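Bear in mind the structure is a predicted one, so any value in this text is a computation, not a measurement.
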Amino acid sequence: MAEGTVTFFAEKLSNLILQEASVFGLVEGQIKLLRNELEWMRLFLKDADSKRIYDERIKLWVNQIRNATHDAEDVIDEFILNMDHRQRRLNTLKFLKCLPTWVGFADKLPFIHELDSRVKDINVMIGAIMANRSKYGLEALVASSSSTTDQVAEHKEKRPPVVDRSDVVGIEDGTEEVKQMLMKEETRRSVVSIVGMGGLGKTTLAKKVYNQRDVQQHFDCKAWVYVSQEFRAREILLDIANRFMSLSDKEKEMRESELGEKLCEYLKEKKYLVVMDDVWSSEVWSRLRSHLPEAKDGSKVLITTRNKEIALHATSQAFIYELRLMNDDESWQLFLKKTFQGTSTPHTLSRELEELGKKIVAKCKGLPLAVVILGGLLSTKEKTKPSWEKVLASIQWYLDQGPESCMGILALSYNDLPYYLKSCFLYCGMFPEDSEIYASKLIQLWLAEGFIQRRGKETLEDIAEDYMHELIHRSLIQVAERRVDGGVKSCRMHDLLRDLAVLEAKNANFFEVHENIDFTFPISVRRLIIHQNLMKKNISQCLHNSQIRSLVSFSETIGKKSWRYLQEHIKLLTVLDLGDTSMLPREIGELIHLKFLCIKGYGRVTLPSSICRLVNLQSLDLGGHHGSIPYSIWKLQQLRHLNCRGGKISSQSKRSKCVNGYLGVEQLTNLQTLALPGGSWLEGDGLGKLTQLRKLELDGLSTSYLKKGFFESITKLTSLQTLILRTVEYSKKRLLNHLGLEWQKNVIEKKTLFPGLEPFSCHTYLYEVLLKGKLEKLPEQFEFYPPNLLQLRLWECELRDDPMMILEKLPSLRKLELCYDAYVGRKMICSSGRFLKLESLELYRLNKLEELTVEKGAMSSLKTLEIWHCNEMKKLPHGLLQMTNLEKLSMRGLSCHESIEEIEKAGGEDWVKLRKIMC
């Protein structure tokens, strides 16, 4: 970890010297000396950091280097902050014509002298720390063995996305047994429990059973929720309810009892399955059982837990499955699968390597997680005897330290990571237990923290994605959900690995979780994480002289009082996530080092004009909030991700243009993500100059902005991967129709809202498109569509011609959604031999659709078909039952009950198949 700290700061210092040459040039000698010392420290830390666990002397030396680096970073950043305050004060004085111009340099001197003095002190301190290396014989200790890890952030070929099923070796017998328990017909709702120690594979087994087709088809509705140690009954109830039904914003705010009553009412006539994963307390079942009705025969609740007493509290012995440890053969097979992940074949394994491998596996004592982690580690190593012998020796050292063999093996895998991955791994540990971590947000946080180092001409986001794939490949994080293009949409962390990350983070002073802090002693905190509890009043005294660099809240709002407690410790903040709130502190413009700013929730937020002072800001995310955004946002040229879908950007006045020059979106040339409502900022060709854009999401577009120049700009954005365009007129029309009010026909028929769509043939990276608004007709020319389009969503397009006749020709399409009168015809036909790669089709509120026909051989890969609230459909889709790969048919708000009853009466294979796929 210390190597990463030094390396990241050394790179930051080098960049500052280039950017602020006029300032740092006045203390050039001391700054260059500091940079040189950092380079020497980094080289010595390459081995020492990984060996700090073996010797207390090395551990102390490494910690001293890390603390000195933090001190140096604080000195530099405080100087930049003071210079910024001085410049603003001087600007004000100049405006008042109180001081002549030459005063500026004299006003700067005290700060420069202070910087020179403080950097000199740090250099002396670093010199003493480095001298201790020889004085106390650390050089010999460090040189005694070389690091097992290649520390260079080399480019790695991106691995193709693979659904990892290798972790299920040895649980086949358990799969069938648990499945029989779940499908056993009972006269009332019953509970099934999977019990086993951490790392034994409880969640893996539960998921394997849950995803089996016959289990899916056995129940009317299903839900999976993660419970964890941080249990809150209302949140669990809300999570279950969201899986089963659509809740309004008002219903989501219900009290626990009201939410429980609504859920109970919904489930009482249904055969349901609820999985509660990772239950730590008997209180979970005691609090939730009354909201899961027993009225319908055969309903089941599946619990995974480490504690058999919890299982016995919820169910009888007959419905408890206790996971066993793997035997030697199962452990070996799993090890081979993880170590040789498609890179070579284990059949060519030499006798020496096989013997070593079996010795390594024996250390895992049949624990699947330990085998998976070690296999992931060895998959990155050379398949040679010395390499595997070194790993075996390291395992033995860890196991000699104590009885927790699994934690020792996990620690070995962490210690083997290159420095640039250690920080990324530890960062995942700050997320709440069992939480789903969205990859896009995690990558933006890594960037803001400075963990991602440049590598040639690659974008930082691509490099960060490689880091994520590396952690997945090593089995240190798990894929939770993939995007339609196979990329990682979200990930999770096993609770044992998270425990390791939290422990290592604390030891390395990497982050502190607010709830875990002992407030009786002063501590030094760089990153403060808040999971659920309110801020303690005495936190300011506890933080002592801490300079917090990251403040992240996952649930509780950081209110005004909490902000006051922290105010003196946050002036150097780099990352600020305020949680679910509408409160944006007035002092936000003072945090000039800020790179990541996020608030979640829905409400009204007004960004202050001082936002323009956040010149280092890379990511701004206002969640679902709406409100005003000053036009000075265009000054923030470091912005890479701007997500303000509900914010309205003010127009620049003529006076401001004369004084400050024109400000427009074209100045944000680093943007990768842009999500904004339409507005006057779209006028001109500024949008087309954002050639690095990968995601463009524009809401509330009106015809005044949808001119030829707008669509020409989009054609220039050839790096786009996701394009979302939503118009405003038809949202208003749908709302008025819902309220039973009349919409003026001259407005409805005004004109097509996407009149000038240009061909997308050059957008080779564009895989996801959503268009919401009226289209006269779909273009027939194949060249019009992105060549690699995977997902298409059309809303409120009011197409009169059957869109399937054109869309079925798109060769790569996997997901298709037609919603809210995207098509206003009566019949829809999917032709034979077409839609060969389509896996999901969703039809939602096509209010005039009466008939869907699927010809033989059409949609041969379709797995999911959802038809909701197409009220005129009286019959099931023609050809439905000949779709051999269809796994899920979801229909709501349709009038085809008679058609279903006819098939049920006829019985036979058609009814068996229909019953299996309906949900």
Side-chain angles (χ1 to χ4, degrees), residues 730 734 737-738 771-772 774-780 791-810 813-919:
Y730 282 79
R734 184 156 52 88
N737 287 342
H738 179 72
L771 296 178
K772 175 189 156 191
K774 190 173 181 183
L775 276 168
E776 190 67 39
K777 59 183 297 186
L778 287 176
E780 296 183 14
Q791 180 170 347
L792 177 62
R793 291 177 283 171
L794 299 176
W795 293 8
E796 302 178 8
C797 298
E798 296 192 1
L799 295 166
R800 299 186 182 280
D801 297 330
D802 183 356
M804 298 306 198
M805 305 300 289
I806 295 172
L807 299 180
E808 66 186 11
K809 298 173 185 176
L810 299 180
L813 200 63
R814 294 182 190 174
K815 289 189 175 184
L816 176 61
E817 293 179 24
L818 301 175
C819 304
Y820 302 112
D821 285 333
Y823 171 52
V824 292
R826 294 186 302 108
K827 295 183 179 182
M828 191 179 284
I829 300 174
C830 301
S831 306
S832 176
R834 299 292 189 175
F835 280 131
L836 294 181
K837 292 189 177 180
L838 195 70
E839 297 174 358
S840 174
L841 174 62
E842 296 180 26
L843 308 177
Y844 184 75
R845 292 198 183 277
L846 302 183
N847 294 309
K848 296 185 179 180
L849 182 66
E850 299 176 2
E851 187 177 321
L852 171 63
T853 299
V854 182
E855 294 183 353
K856 189 173 183 179
M859 298 195 290
S860 55
S861 301
L862 197 72
K863 296 178 181 178
T864 302
L865 175 60
E866 294 186 6
I867 307 175
W868 285 20
H869 305 294
C870 297
N871 301 322
E872 298 301 316
M873 282 193 70
K874 310 296 184 187
K875 294 184 178 181
L876 288 171
H878 180 70
L880 172 72
L881 297 175
Q882 66 191 15
M883 299 168 67
T884 55
N885 289 311
L886 191 63
E887 297 175 358
K888 176 184 174 183
L889 173 64
S890 177
M891 299 186 297
R892 296 187 187 178
L894 273 65
S895 304
C896 53
H897 305 294
E898 293 182 8
S899 179
I900 296 173
E901 287 173 2
E902 287 177 12
I903 297 174
E904 183 178 6
K905 287 178 181 178
E909 291 185 5
D910 284 353
W911 171 241
V912 172
K913 179 171 183 178
L914 184 62
R915 192 162 61 89
K916 281 185 176 181
I917 61 177
M918 283 183 65
C919 60

Polar side-chain atom of N885 near backbone of S861 as donor-acceptor pair, under 3.5 Å:
no
Would a 4.5 Å heavy-atom cut-off, applied to side chains only, mark L818 and M804 as touching?
yes
Is L841 close to F835 at the side-chain level, that is, under 4.5 Å between some pair of heavy atoms?
no
Mind listing the closest non-hydrogen atom pair of I900 and W911 along with its distance?
CG2-CZ3, 4.2 Å
Any sub-3.5 Å donor-acceptor pair from E855's side-chain atoms to S832's backbone N or O?
yes
Determine the minimum heavy-atom distance between E780 and I806, stating which atoms define it.
CG-CD1, 3.8 Å
Quick one: pull up SG in C830 and NE2 in H878 and give me the separation to the nearest 0.5 Å.
12.0 Å
On a heavy-atom basis, which atom in Y823 and which in L846 lie closest, and how many Å separate them?
N-CD2, 4.0 Å
Spell out, as yes or no, whether a donor-acceptor pair under 3.5 Å connects the side chain of K856 to the backbone of Q882.
no
Indicate the atoms forming the closest heavy-atom contact of M805 with I829, along with that distance.
SD-O, 4.4 Å
What closest approach, in Å, do L849 and R826 show between heavy atoms, and which atom pair accounts for it?
CD1-O, 3.5 Å
What residues form a side-chain contact (heavy atoms from CB on, under 4.5 Å) with E866, not counting sequence neighbours?
E842, T864, W868, K888, S890
Shortest non-hydrogen contact from K777 to L799?
CA-CD2, 3.7 Å
Trace of the side chain to side chain contact (heavy atoms under 4.5 Å, CB included) decision for L794 with L778:
CA-CA 11 Å; L794 299 176; L778 287 176; 4.2 Å; yes
Are D802 and K827 side-chain neighbours, meaning at least one heavy-atom pair lies under 4.5 Å?
no
Does the N847 side chain pair with the main chain of D821, one donor and one acceptor, at a distance under 3.5 Å?
no
Any side-chain heavy-atom pair of L889 and L914 under 4.5 Å
yes
Drop me the distance from K875's NZ to E902's CD, to the nearest 0.5 angstrom.
7.5 Å
Would you please name every residue forming a ring pair (Phe, Tyr, Trp, His ring centres under 6.0 Å) with H869, sequence neighbours left out?
Y844
